[in-house]
Amino acid sequence: MHLILFGPPGAGKGTQAKILSEKFNIPHISTGDMLREAVANQTELGKKAKAIMEAGQLVPDDIMIGIVRETLKSNKCKNGFILDGFPRTVEQAKALDDLFQEMNINDVVILDFNLDEEEIIKRVTNRRQCRNCGSLFNLLYDKIDNVCPVCGSIGTIYQRDDDKEEVIRKRISVYKQATLPVKNYYKSQNACFISIDGYGEIDQITNTILEKLEKIKVH
Ligand code: AMP
């Protein structure tokens, strides 16, 4: 199975990607997580990406395309993948099409998550993550104190710098300008595009996704 999770920041892509990744036993490839790891490890990539991410801007296409090419061609993706956070520009979408052609992948399904701007801001500014295990939480729904409920680490729950209100507003405007055109690009290519309502409970959204995938018989 080859899935692309598309949609604005905070629409629930990461949460659903983790669930689907366990269910189908295929890797969750999040370009945002890869970049955050590079920043934390202070690699060359991390040094380049840090300021860009903190400003809510996009890391240049050539860098992102290189990372994704290498990852999707690696052994861990041989049985499929769930791509989250890529493509974010038409340039990236075109490079991904070329890669799929090269790899003979022709069963890609795009899940398009929809959520309105004020709901995104409310969700994202309440989002927290564990530095140790990467689990995501939301102060709107989860009771979180100093201990990660998933891995038990103490003092590792934090708010991403790019989840602060001024940055998320910038990220939404970058999304509208640079990423929304990708939707039209995919429609013009007659890609398999499934619309997902980002409102509602996590389980309910997962069930909707599974039903829609079942309908188009993706295995
Ligand atoms: P995310 O966790 O997917 O919201 O990504 C966090 C940040 O990483 C974004 O705001 C961008 O700065 C950067 N980033 C992630 N994926 C991409 C991408 N495909 N192209 C450019 N920048 C990206």
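Because only heavy atoms are used, hydrogens play no part in the values below, and waters and symmetry mates are left out as well, while side chains stay in. Both counts, for ligands and for their atoms, begin at 1 and track the order of listing.
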Query raised in the report: With sequence neighbours left out, which residue pairs that include part of residues 181-191 fulfil the salt bridge (charged side-chain N to carboxylate O under 4.0 Å, His left out) condition?
Result: D112-K183
Report summary line: Under 4.0 Å from ligand 1, residues with heavy atoms, in chain and number order, are T31, G32, L35, R36, M53, Q57, L58, V59, M64, G85, F86, R88, Q92, R160, D162, R171
**Report entry** salt bridge (charged side-chain N to carboxylate O under 4.0 Å, His left out) involving K122 - partner list, sequence neighbours excluded
**Finding:** E119
Report summary line: Which of V182, D84, L96, V109 passes side-chain contact (heavy atoms from CB on, under 4.5 Å) with I4? Answer is L96
Query raised in the report: Can you check whether P8's main-chain N or O pairs, donor with acceptor, with K13's side chain at less than 3.5 Å?
Result: yes
**Report entry** Test salt bridge (charged side-chain N to carboxylate O under 4.0 Å, His left out) applied to E37 - qualifying residues, sequence neighbours left out
**Finding:** none
Query raised in the report: Are I29 and F113 in one and the same hydrophobic cluster, where Ile, Leu, Val, Met, Phe, Trp and Tyr link if side-chain heavy atoms are under 4.5 Å apart?
Result: no
